[in-house]
Amino acid sequence: MASLREHFTDPQRCWRRFIAGLVIFIVGAGLLFGTAHLSPALLYHPVLYWFSAAVLLTGFALAMSGYLGIFIQRFTGLNQIKKRSRDDGD
């Protein structure tokens with residue numbers, strides 16, 4: 001199993017996780033809004049409402065973990081560039 005550092009520093013893995021989370025988020029939002037337009041009575045059914053909310057939040061969490069990995073990778077890359085430019089100037 002990959003370590004946490006490898007999990008957040010592999011840009012391809014983070015990008016796939018972000019896209020998968022975004023798709024799941026869109027499915028959850030579509031389920032929530034789609035059932036409201038089809039039949040308003042279905043939206044108020046607690047099981048469907050909580051299932052839609054769970055799908056929505058799961059997609060959000062997955063997408064944000066991918067985005068966090070992309071951000072960490074970019075920020076680390078900028079830090080390395082800054083260190084290299086300081087070393088070249090001295």
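Because the structure is predicted, anything quoted here is derived from the model rather than measured.
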- Message: In this structure, would I19 and I70 fall into the same cluster of hydrophobic residues linked by side-chain contacts under 4.5 Å?
- Response: yes
- Item | Approximate separation, where rounding is to 0.5 Å, of M64 CE and L22 CG | 8.5 Å
- Value rounded to 0.5 Å, distance of CD1 in I72 from SG in C14: 8.0 Å
- Query: Mind checking what makes side-chain contact (heavy atoms from CB on, under 4.5 Å) contact with I24, not counting sequence neighbours?
  - Reply: V55, L62
- Query: Are W50 and L32 linked, directly or through other ILVMFWY residues, by side chains that come within less than 4.5 angstrom of each other?
  - Reply: yes
- dist F18:CZ -> F25:CZ (nearest 0.5 Å) comes out at 10.5 Å
- Message: Are S65 and R17 packed together at the side-chain level, in the sense that at least one heavy-atom pair is separated by less than 4.5 angstrom?
- Response: yes
- Item | For A54 against T58, the heavy-atom pair lying closest together | O-OG1, 2.7 Å
- Value rounded to 0.5 Å, distance of CZ in F51 from CG in L56: 11.5 Å
- About how many Å separate OH of Y67 and CH2 of W15, when rounded to the nearest 0.5 Å? 10.5 Å
